[in-house]
Number of protein chains: 2
Amino acid sequence: MARLSDMIEEFIKTLLEESNGQLELQRNELADYFECAPSQINYVLATRFSLDRGYYIESRRGGGGYIRIIRLDMDNNDYIMYLLKERIGNRISQQAAEDIIYHMLNKGIITERESLIMKAAIQDKGIGIPTNLKDNVRASIMKAMLTAILTLRN
Amino acid sequence: MARLSDMIEEFIKTLLEESNGQLELQRNELADYFECAPSQINYVLATRFSLDRGYYIESRRGGGGYIRIIRLDMDNNDYIMYLLKERIGNRISQQAAEDIIYHMLNKGIITERESLIMKAAIQDKGIGIPTNLKDNVRASIMKAMLTAILTLRN
DNA sequence: GGTTATTGACCTTCTCTGACTTTCATTTTA
DNA sequence: TAAAATGAAAGTCAGAGAAGGTCAATAACC
């Protein structure tokens, strides 16, 4: 018997298919439709539409709130996906991060201006907190920026 | 666009466009037009036409009262210098930083791609350390990125 | 028995309203 | 004519309402 999560996953994927890889939905509406708890939707999003699986989620609370699901183009972005899934873990040094940015510039994934902004954001000086945490913060920031670039390329 | 606030924001921006960046309006009139509470107008002004987003509000109460909305048009380099030297100190909230990035995008100082990268770099989620330090780290990163942009433009 | 799924209670954020306050111009009154 | 009253604005703020988020406890599955 098909599990609820699977059905919701299928449903969302169909919608994504119909809407060119990007869609907005209302959490409560969807939960009503499947007669389940609203938090069930979060579970499906977390387990089936994670970054690892090639999706990016944005949302907004309050009146007029929404959840936006974006399918990322994994095939044309395998280098970035590799960076996100394997190369960058919880920590990364400034040198390593700069090397990655340099490489992305060379491959034409980002512009020179973009490379300068990114380098500024991951500098030791920029981060300005105790050294033992810097590499962790840098890894977070780096991944957040890379994810932003992924959503751009669709 | 479901939200009333967004509709009012759009409306005001159209008026501003037509009137060369400065306009006067009557709060109650506008509230009547949108069939909402007058204080809704204040909410829109506070959240969408803040100083960080590049607008300045003047008003006068009593008979013949008005609200004047002024779009700020500062030289781009001066604006960045103001951000670096005055606006951003040791700490800045995510909302304020996002408003500034939004404003820079509107003024054509940065591209949309650059704005997304910058927003990613200053997200609470991206920074991933104890809350009490986030605003400090964010301020550092923001200033580092702005400095990079400033050097680019010379 | 351990992993995966589901729910519900509680939290956070954003929007919108209404009651109350303040300010200013005009008109009335002593 | 100066002070008081009136009316016409705009401002403030707390609270209700409308979304989505989190997490721990339980249930279902393999």
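Chain letters run A, B, ... following the sequence lines, proteins first, then strands; residues in each count from 1. Reckoned from all heavy atoms, side chains included, excluding hydrogens, waters and symmetry mates.
- Going from atom CD of B:Q26 over to atom C1' of D:dA10 covers 10 Å, rounded to whole Å.
- With rounding to whole Å, B:R3 atom CZ is found 15 Å from C:dT17 atom P.
- Whole-Å rounding puts the A:E58 CD to D:dG21 C1' distance at 16 Å.
- Residue contacts shown for A:L25 are limited to sugar-phosphate atoms, with no base heavy atom under 4.0 Å away.
- If you measure from atom CD of B:Q95 to atom P of C:dC14, you get 6 Å, rounded to the nearest angstrom.
- Not counting sequence neighbours, B:E17 has no partner by the side-chain hydrogen bond (donor to acceptor under 3.5 Å, both in side chains) test.
- Between B:D124 atom CG and C:dT13 atom P the separation is 9 Å, expressed in whole Å.
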Distance-only donor-acceptor pairs under 3.5 Å for side chains of residues 25-40 of chain A, two or more places apart:
from  : atom 1 : to    : atom 2 : distance (Å)
A:Q26 : NE2    : A:G65 : O      : 2.6
A:R27 : NH1    : A:N42 : OD1    : 2.7
A:Q40 : NE2    : A:S5  : OG     : 2.9

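- Residue A:R68 is out of contact with every strand shown, counting any heavy-atom pair closer than 4.0 Å.
- The side-chain contact (heavy atoms from CB on, under 4.5 Å) search around B:S50 returns B:D52, B:R53, B:D99, not counting sequence neighbours.
- OP1 or OP2 of C:dT15 lies within a sub-4.0 Å distance of a side-chain N or O belonging to B:R48.
- Closest to the side chain of B:S59, from the set D:dG11, D:dG20, C:dT4, is D:dG11.
- Taking every heavy atom of residues 27-44 of chain B and every atom of DNA chain D, pairs under 4.0 Å involve B:R27, B:N28, B:S39, B:N42, by number.
- A search for side-chain contact (heavy atoms from CB on, under 4.5 Å) contacts involving B:L51 returns B:Y56, B:L72, not counting sequence neighbours.
- Under the 4.5 Å side-chain heavy-atom criterion for grouping Ile, Leu, Val, Met, Phe, Trp and Tyr, B:I41 is connected to B:L23 within one hydrophobic cluster.
- Atom-to-atom, CD1 of B:I67 to P of D:dA9 comes out at 12 Å; the value is rounded to the nearest Å.
- Taking side-chain N and O atoms only, A:R60 has a distance below 4.0 Å to OP1 or OP2 of C:dT15.
- Annotation for A:E112: atom CD does not count as buried by contact number, only 12 or fewer foreign heavy atoms lying within 6.0 Å.
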Report, one pair per line, the protein and nucleotides 20-23 of chain C atoms (nitrogen or oxygen only) whose separation is under 3.5 Å.
from   : atom 1 : to    : atom 2 : distance (Å)
C:dT22 : O4'    : B:R61 : NH1    : 3.2
C:dT22 : O2     : B:R61 : NH1    : 2.8
C:dT23 : O2     : B:G62 : N      : 3.4

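- A:N20 CG: 12 or fewer foreign heavy atoms inside a 6.0 Å radius.
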Criterion side-chain contact (heavy atoms from CB on, under 4.5 Å) on A:E114 and A:L105, from CA distance to verdict: CA-CA 9 Å; A:E114 288 160 4; A:L105 172 59; over 6 Å; no

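- Hydrophobic clustering (side-chain heavy atoms under 4.5 Å, transitive across Ile, Leu, Val, Met, Phe, Trp, Tyr) groups B:M74 together with B:I149.
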